[in-house]
Amino acid sequence: MSARADTDSAAPREDGWDWLPPRLRPRGQRGEERRGRLWRVETLVLALVFALLATATINDLVRQVHINKRLVADLATWRAYTHHDYKNVGVDQQTLGVQSGRDVVCGNTEGGAPNSKTQICLVVTGPTHGGRRTVSGGWYLPPYTEDDVKQVRYGCFGSVTMGRCPR
Amino acid sequence: MSAAAASAQLPAEKRRVRWAPALAGLCGLLALVATVEVVLDGAVEHSPLIPKQPAIAGWLSGLGERLGFRVFLIALLVAVAAYAGLLWLTSKFGEAALPKRFAIALVAALHLVVFVGPVLLSTDVFSYIAYARMGVEHGLNPYLNGPAAISHDPIFRFVGHDWRETPTAYGPIYTLLSYPFAPLGVEGAIWAMKVEAVVASAGTIWLVWRCAMARGFEPVAAIVAVAVNPLYVIYGLGGFHNDLVMMLAMMAAVALMLTPRPGPRREAGAAAIVVAGALIKATVAVLLPFMLLARRRVAPLLGAVGAIALGAIIAYAAFGSHGVNIVAALNRDAAFVSTDSFANEIAHLFGKPGVFPVDHDLLKLALVAIVVHLLWRTWRGYDWVAASGWSLLAISVTSTWLLAWYILWPLPLAVVSRDRRLLAATLALQSLYVIHQLSPLLLPVK
């Protein structure tokens, strides 16, 4: 597609600006964009910005895939450990630190509405083998607990939970 | 090139042109099939991608299967590939590849398919209706209250959780435009919103055609670039977003300015329409300084000032001072962070967990620098339509709250701008957006 010469003209006023230095005076709308030095610099900057955005996008995609794989493995680990094939199992990657790779996976200990029964929370760590990760510890939460905080936990087990349950 | 080589190349070129319509037809069919797949599967309840909504497309629900991430992303990729093929064919061969009537039929078919289906991928349309019902049915000011104020209203359960406490961020003209839909009931209002979005989209595409003609571009390629774009069809039109109404105002203003000899009345009208567009969704206001700088006449300035005054009076009369202060709503929304924003992705690239307050300030600074550069370029003769498009693109790139339909804003301007880099950049960023959605596709199949 190539642009026709300036057809949206009704050219703007260019007189009355003589008091400005020539480099600062306005110019009429051009029919074609000139490919001068400024155009080349702009194009270079655009290419660099695109390279940065593309790198960031790919990096974030890979990061998301890793997180999703970890989530899938966490759920499989919880179901295998508890022998419950419940759908409503929550995975928290924040409680023990996003970068730590240690996730807390909570779900009901018996059938019922989500969060309506005593919950078992497992601390899942390490790499994925056979679609599962390692259970390094955990704790229990009473029914209807909204926030998994230290004060409400009980029955902590495993070394990784040291200091995470009230004495 | 020798004469023999030239004559040998000619039949090959002709053969390629002969294949072009068949290939374009195939691409058009693929785009349509992918859209039909998303709509039919989306009509089945309990999809994680489809917002909870009344059974407005229930009659389609027996034809598909529940829409999952994998099928959705495959359909999206097919639509993207078909779009890329059509874009290449129409820009290279024009009507020889896709005759005008076929292009219009394809665009109409895509609109029809999306129109009859469910609301796709976004709860925004339910917020629009909630704000309208707050004003009309409950006598509440939507600039002061969030939808939670009408939690007993039947629309409330469909409003997105994140927006239940949030007063409207849309312009007063849009809010008033949506008021007549409120008494139609929830389902009636959804259908009215759908009609509004489809009519606005059709109007935008018609104006893109006119602007492309005015500038000597291939109009078929121009409307294909906008109306077959998968993000436009599935996310923009599929969500029935008011961005389409804003884009209609934007293109109406551009079309007025691109008429051969606009004259003071048309120039004033164009500037007034931009202001009206900004009173629908504020983003489009960015066109105004470029329009004024390119023309350097009194008429558009007067048109803009008159429209601002009239708009302020209407907004104040309808909603009080909060209806006038749309900058406050914009500042509030600018603080949000979406996972798809480029700012968030760059933060992750540099090992940060997300965007910090200082990053918001840096991004605003970058946006100001870009707009100032574009204003200077326009002053010195750069195409104001392209400068406006770059500004809209810069807004979406520097925003920490990026949604698919935000990167549609510059698209109609890009196809009629004189700087072809704008179209390339817009499509490149849209591609990155699509790539960022693909993570569910890269998980092992159960």
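To find a chain, count down the sequence lines: A is the first, B the second, and so on, and within it residues start at 1.
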- Item | Residues, nucleotides or ligands: over 12 heavy atoms within 6.0 Å of A:Tyr140 OH | no

- Task: Let me know if B:Ala428 has heavy atoms under 4.5 Å from chain A in its side chain, its backbone, both or neither.
- Result: both

- With a 4.5 angstrom heavy-atom cut-off, which part of A:Ile58 approaches chain B: side chain, backbone, both or neither? side chain

- Task: Give, as side chain, backbone, both or neither, the part of B:Thr339 having an atom under 4.5 angstrom from any heavy atom of chain A.
- Result: backbone

- Item | Contact origin within A:Leu46 toward chain B - heavy atom pairs under 4.5 Å | side chain

- Message: Side chains of B:Trp390 and B:Tyr382 only: does a donor on one sit below 3.5 Å from an acceptor on the other?
- Response: yes

- Return the option, out of B:His373, B:His436, B:Gln437, with the maximum number of heavy-atom pairs under 4.5 Å with chain A. B:His436

- Item | B:Phe356 atom CZ, neighbour heavy-atom count above 12 within 6.0 Å | yes

- Query: Would you say the side chain of B:Arg420 lies within less than 4.5 Å of the side chain of B:Phe217, judging by non-hydrogen atoms?
  - Reply: yes

- Side chain, backbone, both or neither of B:Val416 within contact of chain A (heavy atoms, under 4.5 Å): neither

- Message: Salt bridge check, B:Lys352 against B:Asp359: does any charged N sit closer than 4.0 Å to a carboxylate O?
- Response: yes

